[in-house]
Every structure is written in C-alpha cells, then in structure tokens.
Amino acid sequence: MPELPEVETTRRGIAPHIGGRTVTRVVVREPRLRWPVPRRLSAEMTGQDIDAVGRRGKYLLLATDAGTAILHLGMSGSLRMVAAATPAGKHDHVDIVLDNRKALRLCDPRRFGALLWTRRPPEQHRLLRDLGPEPLGSDFNGAYLHALSRGRKVAIKHFIMNSHNVVGIGNIYANEALYMAGIHPGRAAGRVSKRKYDLLVEVIREVLNDAIALGGTTLRDFVNSDGKPGYFRLELNVYGKGGHPCISCRTPIREIRQGQRASFYCPECQH
DNA sequence: CGAGCAACCTGCATGC
DNA sequence: TGCATGCAGGTTGCTC
C-alpha cells in the first residue's frame with residue numbers, strides 16, 4: 001500500500017474537498033481496523049469544522065478545534081470523495097459525511113489501516129511521538145543519517161525503512177532510492193560513507209517528489225481520492241523487476257529477501 | 001542493539 | 001473448477 005507519495009497524493013486530493021467543511025455525521029460500518037475505530041469518534045467529530053488536512057509520515061491528520069483524527073492507510077487503504085448517498089462497498093469501513101452531501105469514504109480490504117482520535121496535539125500521540133524527520137524536510141540530510149548510523153550493523157534498507165530514523169519510506173521507494181544511489185540494500189548502515197549518505201538523501205527526495213508528481217505508485221489497488229491509479233509504476237527501475245536487465249549496465253536485477261520483504265538490486269551497480 | 005518472527009487481514013496469482 | 005500455497009505497498013511488539 002501507500003508509502004509517502006501515495007499518502008501525500010491522497011492528502012492533496014481530499015484537502016480541497018474537506019478543508020473548511022463541517023462534519024455532519026460519521027458512519028462507522030466496520031470498526032475493525034488495526035485498532036478498533038473509537039466509539040466516541042462520531043460524537044467527537046460531528047459538528048466540527050475541518051481546519052486542516054495534514055500529514056506526518058504516512059499518517060493523515062484531520063484537524064478540528066475539538067481534536068484530530070489520525071488516519072493510516074495500512075497496506076490496502078484508500079480514501080475517496082463520494083456523494084454521501086453512494087452505496088457502500090464490501091470494505092468501506094467509514095464515511096465522514098460533510099455539510100455538502102459529500103463524504104470522505106475509507107476503504108481498507110486488509111484492515112491494516114487505522115482511524116483514531118486524539119484531543120491532544122497529535123504530535124504527542126504515541127504513534128507519532130517517536131517518528132523521525134520528514135524525508136522532504138530540511139532536517140533530513142546526509143549528516144543526520146551519517147551520524148545516526150555510526151556503529152550500526154543493521155542493513156541500510158532496514159535503516160531507511162525504520163520510521164524512527166526517517167518516515168515515509170516503504171519497500172518500493174527504499175529499493176528505488178538505493179538503486180539510484182548505488183548502495184547495496186544489505187550493506188551495514190554504519191559502513192555507508194558521508195558522501196553516499198548525501199547522495200542517498202538527494203535521491204530519496206528525488207524519487208519521492210517524482211512519485212508525488214505522478215500521483216504515486218499503483219501496484220494493485222491504490223487509488224487516489226478520485227478513484228484513479230498512480231503512474232509512478234512506469235518509472236520503477238528495480239522494484240518488481242527481478243531478472244530484468246539493469247537499465248544502466250544490462251546485468252539482470254537480482255531479487256533477495258531481507259526479513260520477510262523482497263529486495264531488488266543490481267549486483268553490478270550497487271555496492 | 002539486532003535478528004527474527006508473529007500478529008493484524010483479504011485478494012490475487014500460481015501450481016497441482 | 002477447486003484447493004492449497006505464497007505473496008503483497010505497513011507497523012507493532014515480542015522473544016532470543
């Protein structure tokens with residue numbers, strides 16, 4: 001599912017439709033997600049104006065004066081704007097109904113997503129409290145990653161996918177960024193040079209920004225708030241391309257497992 | 001600290 | 001056609 005570009009695509013898609021509107025009702029059809037949708041969500045949100053649609057890592061934040069809805073799309077979640085009267089499908093968990101007869105509809109077949117509510121500043125919530133910097137922000141840079149990784153034996157791919165170190169980089173973009181930077185995904189994080197970290201940060205920004213510009217990556221079921229897929233899949237160099245020739249040197253892309261996740265890399269270009 | 005795995009779920013592709 | 005298997009964009013939390 002969604003990594004940062006898909007979540008940001010979703011945020012940009014829904015913000016103009018829900019920002020400034022008033023919630024008239026919240027319909028929870030199926031509260032079972034990663035954690036149950038809180039019973040009090042409807043009472044807390046109804047009547048509130050949505051002041052802002054923010055994002056922290058892969059979490060979407062719907063801010064109101066009374067509190068903030070914290071929304072995560074998990075592996076298979078998507079948000080769409082629908083006419084409030086549109087019949088719900090099988091995996092449509094929640095509708096946040098607005099004062100213009102439209103609704104923000106959360107669909108999540110695999111139920112790895114979440115919809116929570118907090119009255120406190122969301123950055124204090126336990127899910128957000130310990131998150132690392134935003135990859136597109138200025139406090140994410142080569143010096144930061146280099147300093148953080150000294151002495152660490154963990155594989156660089158795990159290191160950049162760990163949200164304590166930096167948020168928003170999932171399996172697709174981790175593979176792509178390491179390919180672009182010429183770093184082997186299994187290399188120990190503590191054995192990557194400052195120069196390579198500078199380059200890695202640069203290509204992470206590039207790949208995320210390019211993916212956002214194309215509406216994210218649709219492998220199977222990601223759709224934006226209009227129900228349309230993202231087109232960054234066409235730009236992928238290594239992810240899902242085991243056996244295909246490297247676009248740079250023609251060596252077949254190798255597929256390995258790191259943990260339980262697939263990694264793809266060029267054995268000639270990445271060290 | 002780090003490696004590994006189990007958990008939370010459904011859907012789809014593949015192979016027999 | 002049916003059934004079993006394995007895999008998928010994420011994250012938490014446990015054990016060793």
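For the numbers below, each heavy atom of this structure counts, side chains included, while hydrogens, waters and symmetry mates do not. Each chain gets a letter, A, B and so on, in the order its sequence line appears, and its residues count up from 1.
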Q: Whole Å only: how far is the NE2 atom of A:His125 from the P atom of C:dT12?
A: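 The distance from NE2 of A:His125 to P of C:dT12 comes to 11 Å, rounded to the nearest Å.
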Q: Between the main-chain N or O of A:Gly182 and the side-chain N or O of A:Gln270, is there a donor-acceptor pair closer than 3.5 Å?
A: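 Answer holds: no.
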Q: Mind checking whether A:Leu116 and A:Leu62 sit in one hydrophobic cluster, side chains of I, L, V, M, F, W, Y counted as touching below 4.5 Å?
A: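 No.
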Q: What integer distance in Å separates A:Ile160:CD1 from C:dT11:P?
A: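 So the two atoms are 13 Å apart, to the nearest Å.
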Q: Can you tell me the distance, in whole Å, between the CD1 atom of A:Ile70 and the P atom of C:dT12?
A: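 Atom CD1 in A:Ile70 sits about 12 Å away from atom P in C:dT12.
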Q: Considering all heavy atoms of both residues, which atom of A:Cys266 and which atom of A:Thr251 are nearest to each other, and what is their separation?
A: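 For A:Cys266 versus A:Thr251, the nearest heavy atoms are SG-CB, 4.2 Å.
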Q: Could you tell me the separation between the CD atom of A:Glu255 and the C1' atom of C:dC7, rounded to a whole number of Å?
A: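 The answer, rounded to whole Å, is 10 Å.
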Q: Need one value for A:Arg233: base, sugar-phosphate or nothing, where a base atom within 4.0 Å counts as base even if backbone is also close, heavy atoms only.
A: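 Result for A:Arg233 = nothing.
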Q: Answer with yes or no whether the hydrophobic clustering places A:Phe159 together with A:Leu199; edges join I, L, V, M, F, W, Y residues whose side-chain heavy atoms lie under 4.5 Å apart.
A: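 In one cluster with A:Phe159: A:Leu199, yes.
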Q: Same cluster or not: are A:Val166 and A:Leu127 linked, directly or through other Ile, Leu, Val, Met, Phe, Trp or Tyr residues, by side-chain heavy atoms under 4.5 angstrom apart?
A: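 No; tracing contacts between hydrophobic side chains, which count when under 4.5 Å, never links both residues.
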Q: Is it the case that A:Arg56 places NZ or CZ above or below the six-membered ring of A:Tyr59, under 6.0 angstrom from the centre and within 45 degrees of the axis?
A: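 No cation-pi geometry.
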Q: Between A:Lys90 and A:Arg34, which residue's closest nucleotide on DNA chain B lies nearer the 5′ terminus?
A: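 Nearer the 5' end of the strand: A:Arg34.
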Q: For A:His125 and A:Arg120, what are the C-alpha separation, side-chain angles and deciding distance, and is it a side-chain contact (heavy atoms from CB on, under 4.5 Å)?
A: CA-CA 8 Å; A:His125 191 274; A:Arg120 304 178 51 189; over 6 Å; no
Q: Check the angle between the aromatic planes of A:Tyr265 and A:His184 and answer parallel, tilted or perpendicular using the 30° and 60° thresholds.
A: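 Tilted, since the angle between the ring planes falls between 30° and 60°.
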Q: Give every pair of a protein N or O atom and an N or O atom of nucleotides 14-16 of chain C that lie under 3.5 Å apart, one pair per line with the distance.
A:
none

Q: So does A:His72 get a side-chain nitrogen or oxygen closer than 4.0 Å to the phosphate oxygens (OP1/OP2) of C:dT11?
A: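 Yes, within the criterion.
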Q: Take atom CG of A:Leu33 and atom C1' of C:dT11, then tell me their distance rounded to the nearest Å.
A: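 These atoms are roughly 14 Å apart.
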Q: Heavy atoms within less than 4.0 Å of DNA chain C: which residues of residues 106-118 of chain A have one? Give them sorted by number.
A: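 Contacts with DNA chain C under 4.0 Å: A:Arg110, A:Phe112.
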Q: Would A:Val238 and A:Met161 show up in the same hydrophobic cluster when neighbours are defined by side-chain heavy atoms closer than 4.5 Å?
A: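 No.
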Q: Determine whether a donor-acceptor pair (N or O, by modelled atom type, separation under 3.5 Å) exists between the side chain of A:Asn175 and the backbone of A:Phe264.
A: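 Side chain of A:Asn175 to backbone of A:Phe264, a donor-acceptor pair under 3.5 Å: yes, one is there.
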Q: Once you round it to whole Å, what is the distance between C1' of C:dT12 and CZ of A:Arg261?
A: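 After rounding, the reported distance stands at 13 Å.
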Q: Is there a path of hydrophobic side-chain contacts, each under 4.5 Å between heavy atoms, that joins A:Ile160 and A:Leu131?
A: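 Result: no, two separate clusters.
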Q: For the side chain of A:Arg220, counting heavy atoms from C-beta on, which of C:dA8, C:dG13, C:dG10 is nearest?
A: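 Among C:dA8, C:dG13, C:dG10, the one nearest the side chain of A:Arg220 is C:dA8.
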Q: Check whether any side-chain N or O of A:Asn162 sits under 3.5 Å from a backbone N or O of A:His158 as a donor-acceptor pair, and report yes or no.
A: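 No, A:Asn162 side chain to A:His158 backbone: no donor-acceptor pair under 3.5 Å.
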Q: Can a donor-acceptor pair be found, under 3.5 Å and without considering hydrogens, that links the side chain of A:Ser76 to the backbone of A:Arg110?
A: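 Judged by distance alone, yes, a pair lies under 3.5 Å.
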Q: Between C:dG13, C:dT11, C:dA8, which nucleotide gets closest to the side-chain atoms of A:Tyr239?
A: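 Nearest nucleotide to the side chain: C:dA8.
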Q: State, without any angle test, whether A:Tyr239 and A:Thr217 hold a side-chain donor-acceptor pair at a distance under 3.5 Å.
A: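 Note: A:Tyr239 and A:Thr217 side chains miss the donor-acceptor criterion.
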Q: Has A:Gln48 got a side-chain atom pairing as donor or acceptor with A:Val23's backbone, closer than 3.5 angstrom?
A: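 Looks like no, no N/O pair under 3.5 Å.
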Q: Please give, in whole Å, the distance from C:dC7 C1' to A:Ile256 CD1?
A: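 Taking CD1 of A:Ile256 and C1' of C:dC7, I get 17 Å after rounding.
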Q: Tell me which residues in residues 200-219 of chain A lie within less than 4.0 Å of DNA chain C, going by non-hydrogen atoms.
A: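 Within this stretch, A:Thr217, A:Thr218, A:Leu219 sit under 4.0 Å of the strand.
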Q: Enumerate, in order of first residue number, the stems that involve DNA chain B, defined as 3 or more consecutive Watson-Crick or G-U wobble pairs with both distances under 3.5 Å.
A: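 Ordered by first number, the stems with DNA chain B (at least 3 consecutive pairs each) read B:2-8 with C:10-16, B:10-16 with C:2-8.
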Q: With sugar-phosphate meaning primed atoms plus P, OP1 and OP2, does A:Phe232 contact a base, only sugar-phosphate, or nothing at under 4.0 Å between heavy atoms?
A: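 If one applies the 4.0 Å heavy-atom cut-off, A:Phe232 turns out to touch nothing in the nucleic acid.
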Q: Treating A:Arg11 as the side-chain partner and A:Val53 as the backbone partner, does any N or O pair qualify as donor plus acceptor under 3.5 Å?
A: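 Confirmed, A:Arg11 side chain pairs with A:Val53 backbone.
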Q: Check the interface with nucleotides 1-5 of chain B: list each N/O to N/O pair with the protein under 3.5 Å, or write none.
A:
residue: B:dG2; atom: OP1; partner: A:Arg152; partner atom: NE; Å: 3.2
residue: B:dG2; atom: OP1; partner: A:Lys153; partner atom: N; Å: 2.8
residue: B:dG2; atom: OP2; partner: A:Arg152; partner atom: NE; Å: 2.4
residue: B:dG2; atom: OP2; partner: A:Arg152; partner atom: NH2; Å: 2.8

Q: Can you check the A:Ile169 CD1 to C:dG10 P distance for me, whole Å?
A: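 It works out to 11 Å between those atoms.
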Q: Would you mind telling me which of C:dA8, C:dG10, B:dG11 lies closest to the side-chain atoms of A:His91?
A: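 Within the option list, the nearest is B:dG11.
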Q: Taking the P atom of each, how far is C:dC3 from B:dC9, in whole Å?
A: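 Result for the P pair: 24 Å, nearest Å.
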Q: What pairs of donor and acceptor atoms, side-chain ones from residues 254-262 of chain A against any protein atom, are under 3.5 angstrom apart with sequence neighbours left out?
A:
residue: A:Arg257; atom: NH1; partner: A:Gln260; partner atom: O; Å: 2.8
residue: A:Gln258; atom: OE1; partner: A:Ser263; partner atom: OG; Å: 2.6
residue: A:Gln258; atom: NE2; partner: A:Pro185; partner atom: O; Å: 3.2

